[in-house]
Each structure stands twice: as C-alpha cells, then as structure tokens.
Amino acid sequence: MDTNLPSFVGPQGIENYLNLSFVSLDFETTNLEKGSALNKDNDIVLACWTVNRNGQEVKRRHIWGDELTMQPLLDDIASTDFVVAHNAKFELQWLERCGLDLYDVQVWDTMLGEWVLHGNQKVPFNLEATSQRYNLGGKTPLGAMCIKMGMATQDIPVSWLQPYCYQDVDLATNIFYDQLDRCQEKKLMHLMLVRNLTCVALAYIELQGCQLDREKVINAHQEAVTEMAELEQKLIVMCGSINLGSSKQLGEFLFEKLGFKIPLDHKKKPMLTAKGAYKTDKLTISKLKSTNKEQEEFLAAYIRFNQLDALVTKNLDFFKGVVSEYDGVFYGVFNQAQTGTHRLSSSGRKLKFAGKKKESGAQLQNLPRQYKGMFTAHDDDYLIGEADGAQLEFRVAAELGGDKVAEAEIVAGADIHSVTSSVMIEAGHPDFIGKSVKEGRQGAKAHTFAPMYGGNGKLPAEQAYAEFFKKKYHGISGTQRSWCEQVVTRGWFTTPYGMRFYWPGTKMSRSGYIENTTAISNYPIQGFATGEIIPIALVAFWHRARHLDITVWNTIHDSLVSRVHKDCVDQYKELSKQCLTTDVYNFLRDVYNYHFRVPLGVGVKVAKNWGASKEEHVWSVWPDGKETYELKE
DNA sequence: GGTACATGCGCC
DNA sequence: AAATGGCGCATGTACC
C-alpha cells in the first residue's frame, strides 16, 4: 500500500508558492453555524474565483449554485498548484463536500499568513482588518452591510453579493502577493508551509467526529447524579439554600457562618482574590483547617459535591445528550491563528439538547483524562490508537539549549522524576517528609519541569529544586537567559527554528530581573515542540495513512488520536514511530534547514477505548536511524 | 435582557 | 510588582 508523502510535503511545497500558479477562492454560503460545511442544512450560494498563472490572472469565474454544480471550480483547482483563501479551512470543508479529495490540495491561507507574520502579537486576523493593514481598503459597503446585519445570504441581491464575493477573492489575492514577499524577506516561508499543510489536515480531521460509548456514558452520568443528589441533601441541611456555585455566597458561608480561618499563603498573607474577595478555589479550600465536627462534615461533602458538579455540568451532561440525541457523535473545532506560541487551540461545536435552553459544546483538548475511556470507535472492528511525543518538551528544551546533561539523560533513559523526589526529600519539602525516593516519585512529577517553564518555587524546598535544576541543566537555563537578553535589547528575537516572538518594551530591573522572563523562556520550547514538531508529524501521519484504514480524529498538543482497523495495528505503530521521529527530522532538515540532534521518542497505546491500554510501546529514534524499543506497563 | 468581566478548572 | 507557560468553557456577578 502506498504510504508515501505527496511532493508538496517538503521543499517542493515552498517551490509551488514561488511558481505563482493558483486559484484564489471565496464561497458565500447560507449561514447556520457561521456557514459551517459540517451543518448539512447549509448550502453554497455563490462561488467566485480567479485562476492565476505566473502571477497573472488568466480567468475570472463565478457559479451561483450548490455543491453539486462546482465541477468547473474543481477542474481549475486541479490545473494549478495551490488554493488561496482567507481562513482556508472553511473553503476546504466546502470543497470536500463538492467532491475534492483534500489529500491532493495545497493552500495558502492569508489568515495564517497574518498569524505567522505577527508571531505572538495579537491583532485581528479577519479579512477586513487584514485588508486595512495592507492598505487595500474596506469591503463593498452594500454586501458587507447585509452580511453584518445577518441577512440570509440567499436573500441578498445578486448585484450586491457578487461584487462582494469577488472583492474578497481579490483582497485575498493581493494580500497573498504581499505576504509572499514579507515571508521571504523575514525568512518565514517554512513556517507558513507547515501552517498551511496543517490547515488541510485539520479541515479533514474536523469532519471525522468523536464517538462516545453509550453505555459507559449513561452509567457514569447516572452514578454521578445519584451521588450528587445525596450530597446535596446533606449540604442543604447544613447550609440552607445558598448557591454553592457562587464563590461569593460560599465564601460568606465558610468564613462568616462556619467560622473557618482564612488560610495563609507561603508568604503568610491571607489567601484572597485580587479584589479582596474570599477565595473558594480548590487550592484555598484544600488549605482550610476544620476545628469542629460541623466544619469537617461540610468540607468533606462540599469537596466531593463540587468535584462531581464540575464533571457533570462540563462533560457528563453534554456526553449524555450526545449519546441520547446525536447517536453518540460530536465534533470539535481546531483553531489556528489563536495562540501566541503557535500551538493549536480547540473549541467545541455546540449542540442543542431537548429541554435545555442554552447550547453547549466540549472542546477536545481539555477532556478529563478519566473520561477518555468513554471514547471508542464507531465499529467493533476498530480500535483507538494514541501516539504521543515522549517527554517532548523536555527533549526540545535539551535540543534548543544544546544541553549535554539533559541529552545524556534522555539517551540513557534516566528517571528524572526520582531525582526530583530525592532533591525534595533532602530539602525538606513538607509533602515529602518521611517518604522514600520511590514513594515521592509520583508527587515529584508536578515539580520536575516547573523550572523549565520559569517557575522559581514558593516553598524553600521548591526554590532549592529550581536552583538545582537550573544549575544542572545550565545549557537550557543559559539559553533561556540569552533569549531574554535579546528581547531586552530590541523587543523581539528569532528562535533557532526561525520563529519571531515579540515582547516590545521589555525592561531589565536593577536587580537584573527581566520582565516577561517566564513567557520568553517558555514560548520557544512550547512553540517548537507543539506548534511545529507535532503539526509536522500530524501532516505526515495523515498523508501516509491516506490509503490505510486509519483515521485521525483528535490531536492534543503532543499526541495524535486515531481509530485503527484491527488488521492495521502493526502498520499503525510503525507509522506513528516514523511520523513522530524520522519524518520530523527529515522535514526540519529539508524545509527548516534545522538539524535536530536529540533523539525524539514516541509512545503508542492501542485499545478498544481511548487510553485504556495498560501497555505502551515506546521508541526512541535517533536522526541517524538508530532506535531503541521498550514496553512500558 | 444583553454584554463584559471575574473566578474556577479541565487538558498539555 | 511579578517571579511556572499555553488555551476554552461554565457559572455567577456587575453593569447598562
């Protein structure tokens, strides 16, 4: 079976842009759910496009009609190298409905162009604001007015909508030419290629949907609701009819009625909100000291109730609605052009449930881990596979810092959390008192990489650990400091992988502390790991699995989640390994001109339900092809 | 009745 | 004056 990559997933992708043979496209659609192609009740109303070769417009065409009438557009797309559009994911999902195979298409998304050119600087990326930044003027007033007023697209007069649509095409074309110059000048073409390749893969992945296991959802929901009802009765007896969801009411009850003392933080200051209100978050509540039976009982019941309440309102109610009213399938949205680090973000596609006033949705990147097991494949012949980058951010930090100590530990497979545990024990951290290194290991995980993200610690033992970490991995900490110094000098800096990050006006205090240190230290690591490497791996995986019975349906920062036919499991593991390691090295070398040295690792789990496998296959693969394998249980 | 903000909390 | 980074969603509160 062909598992090769298409030519444009590599340097040829950039060549294609420079050859200037493209279709520039805009659809006007009916506007349920912002015109999403996933809504089957939406339709294309009008398509306008131009065909451009060698930088010259050679054709201008439009079609008033639905997705069944777009063959001339598909033919034009097939005759050029790429498609230009603003927010191309929208057009791509419509093109898929028109019959285009997304695996064959390359795009230049002018919205993503703005994202890449602006780095971590937040500006509005919509077409109108972007046009104004490029001095291309605003939109045709009449068409724009109708759209803004929310008029049904199909009711807008032809003579208004058609010029409006053509104008968007022309704006995108002009912005594209300008962005192409700017991206070359700032040496950002490789990043732009990855954003655009990722965009097409995401357009496809969003169409797949997430499948919930009906029985598991109903049972979990029932259990939680029953337990909550019991707790609620108990709580009402104790506190009357106050609303426990209100931190104001709960705070008054805890600190005024029940007489809890306001806990003190590590600086011996009372734990209050910035505005001086009572804090009722998990951390504060966990610090409360009961001095009588009433306090003790209330606290126990409240903590459990609150935990369940959050799970039920944010997830279980939604999941139950999905299995009851939507055949167990729901969809998420992946947002590019959202984060400063150039990670993806995700949001939920909202659903309406019977008897509920408000629509609700669930995003795919913050599902409680305990509920992963509720996700399954649509069919008994399929399994769920998850492949994640092993210790990805630490390995990337070692790489960017040229840190020999960290690299040696990664190569040796050293147990870093045990080291943290022993440092914490020696420094007398209260959570580690009386524990052996082994017993403290689990709790140490939360501390291990905090200094890499700029954490200096609060308790003396944590501060001692932060010092230990920075000294031990002086390659990482020294490199982070040099990034900070560059930012002080000129307000921005270029990461080793070519990304530009901006913190204008950053100053150094007399003590030597540099503003924004934590962010400056963190962005390049998070950005390279989860904004470049994982998207590269995702694109490679998606293309290579094209002709296999393997479908990616989620990605969470350092992982790819797929449904896998039971006969494809071995290929799935092999492909995961290749795409998260070798393909990354090759792409970085050929497109980024970046020669990665630290071995990357990948962990693969396959089971009937997401995350349910007790065993994990873990590989490390070196850029020269050497590899190691370990089965973790 | 709507919007904006604050708070809290899930994930990596 | 802030010293762990990055997000999105639900709820309550303040305000118009």
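No hydrogens, no waters, no symmetry mates; every other heavy atom, side chains included, goes into these values. Convention: sequence-line order gives letters A, B, ...; per-chain numbering from 1. Since the structure is predicted, the reported quantities are computational estimates derived from the model, not experimental observations.
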*Nearest-nucleotide pick for A:I556, side chain only, options being B:dC12, B:dG8, C:dC9*: B:dC12
*Touch check for A:Y523, heavy atoms < 4.0 angstrom, all strands: base, sugar-phosphate only, or nothing?*
sugar-phosphate
*Could you give the CZ-to-C1' distance, from A:R349 to C:dC9, as a whole number of Å?*
18 Å
*Does a side-chain N or O from A:K122 land closer than 4.0 Å to OP1 or OP2 of C:dG6, or not?*
no
*Distance-minimising heavy-atom pair for A:F253 and A:M238*: CZ-O, 3.8 Å
_ring pair (Phe, Tyr, Trp, His ring centres under 6.0 Å) involving A:Y513 - partner list, sequence neighbours excluded_ = none
*Calculate the interatomic distance between A:M508 atom CE and C:dA1 atom C1'; express it in whole Å.*
17 Å
*Atom C1', compared across C:dA3 and B:dC5: separation rounded to whole Å*: 25 Å
*Which one, B:dC12, C:dG8, C:dA3, comes nearest to the side chain of A:D558?*
B:dC12
*Please state how far atom CZ in A:F318 lies from atom P in B:dG10, giving the value in whole angstrom units.*
18 Å
*asked:* For a quick test of reading the model, state the closest non-hydrogen atom pair linking A:F375 to A:C210 and the distance between them.
replied: CE2-CB, 3.7 Å
_Phosphate contact (B:dC11 OP1 or OP2) by A:R369 side-chain N/O below 4.0 Å_ = yes
_Nucleotide of C:dG6, C:dG8, B:dG10 approaching A:N335 most closely (side-chain heavy atoms)_ = C:dG8
*asked:* Check this for me: does the side-chain of A:Q526 come within 3.5 Å of the base of C:dG6 through a donor and an acceptor?
replied: no
*Which heavy atom of A:D403 sits nearest a heavy atom of A:I476, and at what distance?*
OD2-N, 3.0 Å
*Could you tell me which residues satisfy salt bridge (charged side-chain N to carboxylate O under 4.0 Å, His left out) with A:K320, sequence neighbours excluded, listed by chain and number?*
none
Name the atoms and distances for all side-chain donor-acceptor pairs under 3.5 Å in residues 466-475 of chain A, with sequence neighbours left out.
from	atom 1	to	atom 2	distance (Å)
A:K470	NZ	A:N456	OD1	2.8
A:K472	NZ	A:E409	OE2	2.8
A:Y473	OH	A:E409	OE1	2.5

*asked:* If we count only N and O atoms by modelled type, under 3.5 Å, do the side chains of A:S421 and A:R441 hold a donor and an acceptor together?
replied: no
*Select base, sugar-phosphate, or nothing to describe what A:S346 touches, counting heavy atoms under 4.0 Å on all strands.*
sugar-phosphate
_Span that lies between the P atom of C:dT4 and that of B:dA4, in whole angstrom_ = 32 Å
_Residues which pass salt bridge (charged side-chain N to carboxylate O under 4.0 Å, His left out) with A:E515, listed by chain and number, not counting sequence neighbours_ = none
_A:T339, nearest nucleotide to its side chain (from C:dG6, B:dG10, B:dG8)_ = C:dG6
*Separation of B:dG8 C1' from A:I303 CD1 (nearest whole Å)*: 15 Å
*Whole angstrom is fine here: how far is it from OH in A:Y453 over to P in C:dC7?*
14 Å
*Does A:Y513 have a side-chain nitrogen or oxygen under 4.0 Å from the phosphate oxygens OP1 or OP2 of C:dA2?*
no
*At under 4.0 Å between heavy atoms, what does A:E393 touch on the DNA or RNA strands: base, sugar-phosphate, or nothing?*
nothing
*Determine, for nucleotides 11-16 of chain C in 5'-to-3' order, which nucleotides have protein heavy atoms under 4.0 Å from the base (write B), from only the sugar-phosphate (write S), or from neither (write -).*
SSS---
*Any side-chain N or O of A:T280 less than 4.0 Å from the OP1 or OP2 oxygen of B:dG8?*
yes
*Look at the side chain of A:P368 and decide which nucleotide, out of B:dC11, C:dC7, B:dC9, has an atom nearest to it.*
B:dC11
*asked:* Base, sugar-phosphate or nothing for A:S360? Non-hydrogen atoms, less than 4.0 Å.
replied: sugar-phosphate
*Ignoring backbone atoms, establish whether A:T518 has a side-chain N or O less than 4.0 Å from OP1 or OP2 of C:dG5.*
yes
*By ring pair (Phe, Tyr, Trp, His ring centres under 6.0 Å) - contacts of A:Y371 (at least two apart)*: none
*asked:* Nearest whole Å is fine: how far is C:dT4 P from A:Q480 CD?
replied: 13 Å
*Does a side-chain N or O from A:K279 land closer than 4.0 Å to OP1 or OP2 of B:dG8, or not?*
yes
*Between A:G454 and A:N366, who's closer to the 5' end of DNA chain C by nearest nucleotide?*
A:G454
*Measure from CZ on A:R343 to P on C:dG8 and round the result to the nearest Å.*
12 Å
*May I have the distance from A:H342 (atom NE2) to C:dC7 (atom P), rounded to whole angstrom?*
10 Å
*asked:* Under 4.0 Å from OP1 or OP2 of C:dA3: is there any side-chain N or O of A:T517 that close?
replied: no
